[in-house]
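Reviewing the structure listed below.
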Protein chains: 2
Amino acid sequence: MPAQRDSDIAYATLQEMIVDLRLPPGTVVNESALASELGFGRVPVREALARLAKDRFVTIMPRRGTAVTPLTLPDVLDIFEAREAIECGVAYIAAARASEEDLAALRTLVESADRDRESTDYEQFLLDDHAVHVTLVHMVKNALLQDAADRLLLHSLRFWRMHWKNRPPSKDAMLSNADLLSALESRDPVRAETAMRDHLNTSRQLVQILF
Amino acid sequence: MPAQRDSDIAYATLQEMIVDLRLPPGTVVNESALASELGFGRVPVREALARLAKDRFVTIMPRRGTAVTPLTLPDVLDIFEAREAIECGVAYIAAARASEEDLAALRTLVESADRDRESTDYEQFLLDDHAVHVTLVHMVKNALLQDAADRLLLHSLRFWRMHWKNRPPSKDAMLSNADLLSALESRDPVRAETAMRDHLNTSRQLVQILF
DNA sequence: CGAATACATCTTGTATATCAGTTGTTTATT
DNA sequence: AATAAACAACTGATATACAAGATGTATTCG
């Protein structure tokens with residue numbers, strides 16, 4: 001655990017506020033204001049913002065201001081495309097490498113998400129679905145892949161929250177990961193990759209229609 | 001153009017120094033020393049180091065110091081694995097999306113790299129091969145994928161420079177991208193993905209043997 | 001002589017102050 | 001009235017100063 005510097009806490013706090021929409025896309029933020037709100041000095045807040053900018057969660061316009069990055073349709077399509085490129089590869093690798101414990105944990109999460117769909121609790125569904133993908137990525141135990149994938153998954157989570165915020169929750173758009181899970185359990189890399197690709201393609205198409 | 005803040009210049013400079021081994025793996029760096037060397041204050045240097053830490057080019061040990069991240073065998077294998085996961089997806093997408101101009105530029109680079117191999121100029125080979133992969137990624141015009149891939153490619157470049165630094169350059173280890181190029185030119189996503197996977201697997205195996 | 005503790009020093013972490021660039025507004029000129 | 005130049009206010013960018021944690025060393029006690 002890399003220590004708890006103020007800038008680490010500020011980073012985590014702000015990221016959470018951005019992803020859960022307490023700081024909605026487009027919000028302009030101000031270093032000094034944030035500093036006094038969070039109870040830190042300007043320096044740790046500034047460092048946190050710099051890191052969030054590298055993640056593309058905020059956009060810094062030098063000497064002009066900093067804003068929470070907006071979510072345009074092209075941006076969202078990029079997120080899905082990048083997820084497809086990375087997570088398909090991850091699924092392929094994970095099929096060969098997953099331990100029994102990993103698979104059991106994944107099964108629990110997938111079943112939990114399936115229950116959420118039945119109760120149309122979309123916030124909980126999002127969290128469980130997110131957890132499924134995060135867990136999958138962590139299975140491959142590759143810090144570099146994990147960095148890239150975790151960031152994309154958070155972008156994705158932010159998008160879905162935005163998407164469903166003022167929209168009726170629809171069961172059709174809450175896709176199951178059952179196929180992926182069964183492919184992983186039978187240690188079939190190609191099927192796992194295909195399941196992931198189908199999963200992501202289907203949601204991407206849904207978004208493209210509904211946006 | 002995202003303005004030229006001192007911290008941007010410091011970031012670019014330090015990244016270059018790390019990747020071209022002027023700051024070899026394991027070097028411990030000191031904020032104030034770097035600051036006076038580069039002619040900046042401590043703040044921009046510190047921000048640059050924070051960004052480099054996110055890229056895993058340096059490792060910050062809070063209140064203890066900062067070091068250029070060492071290159072262990074497991075790290076290198078992670079780099080190759082992550083490249084496989086991402087670049088295969090990139091090749092797949094690029095096959096459908098590449099413009100004629102992109103393909104022409106790629107052809108020039110591939111041929112250039114092939115010439116470098118004949119003259120066993122490994123530094124120039126590395127640069128051209130790097131350019132091939134960077135160009136490929138830029139073809140898909142997806143900033144998120146580009147972020148992730150560019151970082152991995154720089155890690156990879158650093159590794160190869162380290163690898164060949166005190167080793168006789170061997171033609172066998174300088175692989176061609178001709179197959180990949182031809183797959184792209186015939187707009188065949190599956191073949192492009194396969195070519196990329198073979199390319200990366202072969203070099204990974206070479207490394208695993210020689211390390 | 002060995003171990004533990006106190007201390008000196010080095011390095012990063014944070015706060016405060018100053019500098020500099022951008023923008024929008026005001027004012028003067030045509 | 002329209003345009004352009006000067007200016008004022010705001011924001012981030014950087015420098016300087018100070019605080020705090022960590023490590024190695026020296027000293028002291030058993």
Side-chain angles (χ1 to χ4, degrees), chain A residues 1-19 22-71 143 147, chain B residues 1-18 22-70 143 147:
Chain A
M1 191 66 192
Q4 284 294 76
R5 299 171 291 180
D6 286 6
S7 71
D8 292 333
I9 304 173
Y11 172 75
T13 307
L14 287 172
Q15 184 184 71
E16 211 181 305
M17 290 174 74
I18 291 171
V19 172
R22 269 176 294 169
L23 292 175
T27 310
V28 301
V29 296
N30 177 300
E31 289 182 0
S32 347
L34 274 183
S36 46
E37 268 180 55
L38 299 178
F40 298 121
R42 262 185 64 200
V43 176
V45 169
R46 179 179 172 74
E47 291 191 355
L49 288 174
R51 285 197 256 170
L52 290 166
K54 241 183 119 56
D55 294 336
R56 297 184 184 265
F57 284 120
V58 302
T59 305
I60 296 176
M61 291 154 311
R63 295 183 197 276
R64 296 206 29 209
T66 300
V68 178
T69 306
L71 268 174
D147 284 349
Chain B
M1 188 68 188
Q4 282 295 75
R5 301 172 290 181
D6 286 7
S7 71
D8 292 333
I9 304 174
Y11 173 75
T13 307
L14 287 171
Q15 185 184 70
E16 211 181 304
M17 290 173 74
I18 291 171
R22 269 176 294 170
L23 291 175
T27 309
V28 302
V29 295
N30 178 298
E31 289 180 2
S32 346
L34 274 184
S36 45
E37 268 181 55
L38 298 178
F40 298 122
R42 249 187 74 201
V43 176
V45 169
R46 181 180 171 73
E47 291 191 357
L49 287 174
R51 285 197 256 170
L52 289 166
K54 245 185 117 56
D55 294 335
R56 296 185 186 264
F57 284 120
V58 302
T59 305
I60 296 176
M61 292 154 313
R63 293 183 200 277
R64 296 209 26 212
T66 300
V68 178
T69 307
D147 283 349

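Lettering of chains follows the sequences in order, A, B, ..., and the numbering in each one begins at 1.
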If you look at every strand shown and take non-hydrogen atoms under 4.0 Å, does B:S7 touch a base, only sugar-phosphate, or nothing?
-> sugar-phosphate

Below 4.0 angstrom from OP1 or OP2 of C:dT12, is there any side-chain N or O of B:R46?
-> no

When all nucleic acid strands are considered with a 4.0 Å heavy-atom cut-off, which category describes B:V29: base, sugar-phosphate, or nothing?
-> sugar-phosphate

What's the verdict on side-chain contact (heavy atoms from CB on, under 4.5 Å) for B:E47 and A:R46, showing C-alpha distance, side-chain angles and the deciding distance?
-> CA-CA 9 Å; B:E47 291 191 357; A:R46 179 179 172 74; 2.7 Å; yes

Separation of C:dG13 atom P from A:R42 atom CZ, nearest Å, is 19 Å

Calculate the interatomic distance between B:F40 atom CZ and D:dT16 atom P; express it in whole Å.
-> 14 Å

Do the non-hydrogen side-chain atoms of A:R63 and B:R5 ever get within less than 4.5 Å of each other?
-> no

Tell me: CE of A:M61 to P of D:dT11, nearest whole Å?
-> 12 Å

At what distance, to the nearest 0.5 angstrom, does CG of B:D8 lie from OG1 of B:T13?
-> 10.0 Å

Calculate the interatomic distance between A:D6 atom CG and C:dT12 atom P; express it in whole Å.
-> 17 Å

Name the nucleic acid region contacted by A:V28, choosing base, sugar-phosphate or nothing; use a 4.0 angstrom heavy-atom cut-off, strictly under.
-> nothing

Quiz item: A:R5 side-chain donor-acceptor pair to D:dG21 base, under 3.5 Å = no

Looking at A:L23, A:L52, A:V28, which hits side-chain contact (heavy atoms from CB on, under 4.5 Å) with A:V68?
-> A:L23

Taking the side chain as every heavy atom from C-beta outward, state whether B:L14 and B:V29 have any pair of such atoms under 4.5 Å apart.
-> no

Is any side-chain heavy atom of B:M17 less than 4.5 Å from a side-chain heavy atom of B:L34?
-> no

When you measure from every atom of DNA chain D, which of residues 49-60 of chain A have a heavy atom less than 4.0 Å away?
-> none

In whole angstrom, what separates B:E31's CD from C:dT11's C1'?
-> 8 Å

Between atom CD1 of B:I9 and atom CG of B:L38, what is the distance when rounded to the nearest 0.5 Å?
-> 10.5 Å

Using a 4.0 Å cut-off on protein heavy atoms (strictly under), produce a 5'-to-3' string for nucleotides 19-26 of chain C with B for base contact, S for backbone-only sugar-phosphate contact, and - for none.
-> -BSSS---

Of A:T66 and A:V43, whose nearest nucleotide on DNA chain D comes first from the 5' end?
-> A:T66

Take atom CG of A:L38 and atom C1' of C:dA15, then tell me their distance rounded to the nearest Å.
-> 16 Å

Qualifying ring-ring contact (aromatic ring centres under 6.0 Å, His included) pairs with a residue from residues 38-65 of chain B, counting only residues at least two apart or across chains | B:F57-B:H155

Between P of D:dA9 and CG of A:N30, the distance in whole Å = 18 Å

Just how far is it from atom CG of B:D147 to atom CG of A:D147, taken to the nearest 0.5 Å?
-> 12.5 Å

